[in-house]
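Let me begin by presenting the structure, written as structure tokens, before commenting on it.
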Amino acid sequence: MTSPILITGGAQRLGLAIAKDLLRQHHKVIITYRTKKPSVDELKGLGALAIQANFSTQDGIDCFIEAIKKETTSLRCIVHNASDWDQESDTQDYNQLFGKMMQVHANTPYQINLALQGLLQKHATQSEEFGDIIHMTDYVQLKGSKKHIAYAASKAALHNLTLSFSALLAPQIKVNSIAPALVMFNDHDSEEYRARALKKSLLETCPGAEEAVKAVNFLLNSNYITGQTIHLDGGRHLK
Ligand SMILES: NC(=O)C1=CN([C@@H]2O[C@H](COP(=O)(O)OP(=O)(O)OC[C@H]3O[C@@H](n4cnc5c(N)ncnc54)[C@H](OP(=O)(O)O)[C@@H]3O)[C@@H](O)[C@H]2O)C=CC1
Ligand SMILES: Nc1nc2c(c(=O)[nH]1)N=C([C@H](O)[C@@H](O)CO)CN2
């Protein structure tokens with residue numbers, strides 16, 4: 001019995017690359033998307049199931065949980081990838097910003113993990129294979145960020161969920177964080193920003209989404225890693 005792999009925010013960038021790679025490996029894939037875009041139809045054409053979900057409200061979380069339980073009774077893995085990278089300089093409403101960051105990066109994974117743990121356990125029991133939860137955190141989970149304060153705090157909260165859920169869901173389910181630093185630029189990033197950002201790591205490179213794809217596959221294929229963080233930071237922590 002092959003259980004699907006769920007990727008939230010799977011319609012672009014890292015989530016899209018992860019989804020395409022898993023489809024190439026003939027995994028069943030379910031993605032969520034907030035905004036419809038051509039990649040959603042592309043993934044559906046490759047055999048993925050796509051569920052529209054906006055996790056910014058409790059109703060959005062509840063509707064998603066109801067929708068996925070109608071689609072499958074088991075899950076091989078959940079990749080919590082959905083994210084917004086907001087910064088304090090873009091607003092004066094810090095209450096709204098803090099709540100938004102905690103909602104998508106901490107409250108959503110927290111509630112989805114509790115609601116869907118039984119589906120992961122069903123897979124593990126029926127297949128005698130681990131279930132997996134992967135939290136896409138961020139290098140700043142330990143360092144903080146003076147320009148993305150609420151974002152960094154919410155990613156630290158997400159990593160703390162990794163520690164709690166790895167203890168709660170063992171031994172059938174592994175729970176880990178992947179903490180990228182600069183892995184993929186945004187289209188709007190200026191040349192000056194790109195040059196400055198590259199200098200922040202020892203390796204002075206921006207590897208692209210494939211680096212996250214490899215990290216996800218490493219965790220899926222591990223039989224002994226849980227409660228850990230895979231740091232994708234090019235040695236930035238030593239610079
Ligand atoms: N790219 C990088 O270099 C780094 C990435 N990371 C982390 O890795 C992960 C993937 O990064 P990246 O691919 O750049 O992510 P993106 O910024 O491209 O966001 C991924 C998706 O999350 C969706 N999303 C955002 N908010 C919500 C919400 N409230 N409800 C539902 N969906 C939502 C977006 O939907 P929509 O398209 O509709 O807006 C988007 O498609 C993220 O968790 C990110 O924080 C960490 C450090 C570096
Ligand atoms: N949701 C997102 N989170 C983050 C992004 C992004 O594009 N979307 N990008 C970064 C940067 O690459 C940063 O790591 C560079 O120092 C961080 N988080």
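Start at 1 and go down the list; that is how both ligands and their atoms are numbered.
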Go through ligand 2 atom by atom and flag the ones less than 4.0 Å from a non-hydrogen atom of D138.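 Those qualifying, in numeric order: 17 (C), 18 (N).
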
Geometric N/O contact [X] with ligand 1, under 3.5 angstrom:
X	value
V183	yes
N81	yes
R13	yes
F55	yes
V104	no
G15	no

Any N/O of R13 closer than 3.5 Å to an N/O of ligand 2?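 Yes, there is a polar N/O contact under 3.5 Å.
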
Should the proximity of F64 to ligand 1, defined as any heavy atom under 4.0 Å, be assigned to the side chain, the backbone, both, or neither?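 Under 4.0 Å from ligand 1, F64 contributes no heavy atoms.
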
State yes or no: are the ring centers of F130 and H123 separated by less than 6.0 Å?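 No, they do not, as the ring centres are separated by 6.0 Å or more.
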
Residues forming a salt bridge (Lys or Arg N to Asp or Glu O under 4.0 Å) with E129, sequence neighbours excluded: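 Expected list: R76.
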
Under 4.0 Å from a heavy atom of A53: which atoms of ligand 1 are those, numbered in the order shown and with their elements?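 In order of number, 30 (N), 31 (C).
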
Any atoms of ligand 1 less than 4.0 Å from a non-hydrogen atom of D138? List them with their elements.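 Near D138, meaning under 4.0 Å from one of its heavy atoms, ligand 1 has 46 (C), 47 (C).
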
Evaluating non-hydrogen atoms only, which member of [options] is closest to [atom]?
atom	options	result
atom 19 (O) of ligand 1	S83, S39, G60	S83
atom 44 (C) of ligand 1	Q103, K155, E211, M101	K155
atom 33 (C) of ligand 1	H148, Q12, R34	R34

Contact with ligand 1 for Y139, non-hydrogen, under 4.0 angstrom: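 Per 4.0 Å heavy-atom rule, Y139 does not contact ligand 1.
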
Does anything in residues 168-190 pair up under ring-ring contact (aromatic ring centres under 6.0 Å, His included), and if so which pairs, sequence neighbours excluded?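 ring-ring contact (aromatic ring centres under 6.0 Å, His included) check on residues 168-190 returns no pairs.
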
Side-chain ion pair, K214 and E210, N-O less than 4.0 Å: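 No, no charged N to carboxylate O under 4.0 Å.
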
Residue pair D21 / Q25, side-chain donor-acceptor N/O under 3.5 Å: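 Note: D21 and Q25 side chains meet the donor-acceptor criterion.
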
Below 4.0 Å from any atom of ligand 2, is there a heavy atom belonging to R236?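 The answer is yes, since R236 has a heavy atom less than 4.0 Å from ligand 2.
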
Parallel, tilted or perpendicular: which fits the ring planes of H135 and H80, with parallel below 30° and perpendicular above 60°?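 Answer is tilted, since the angle falls between 30° and 60°.
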
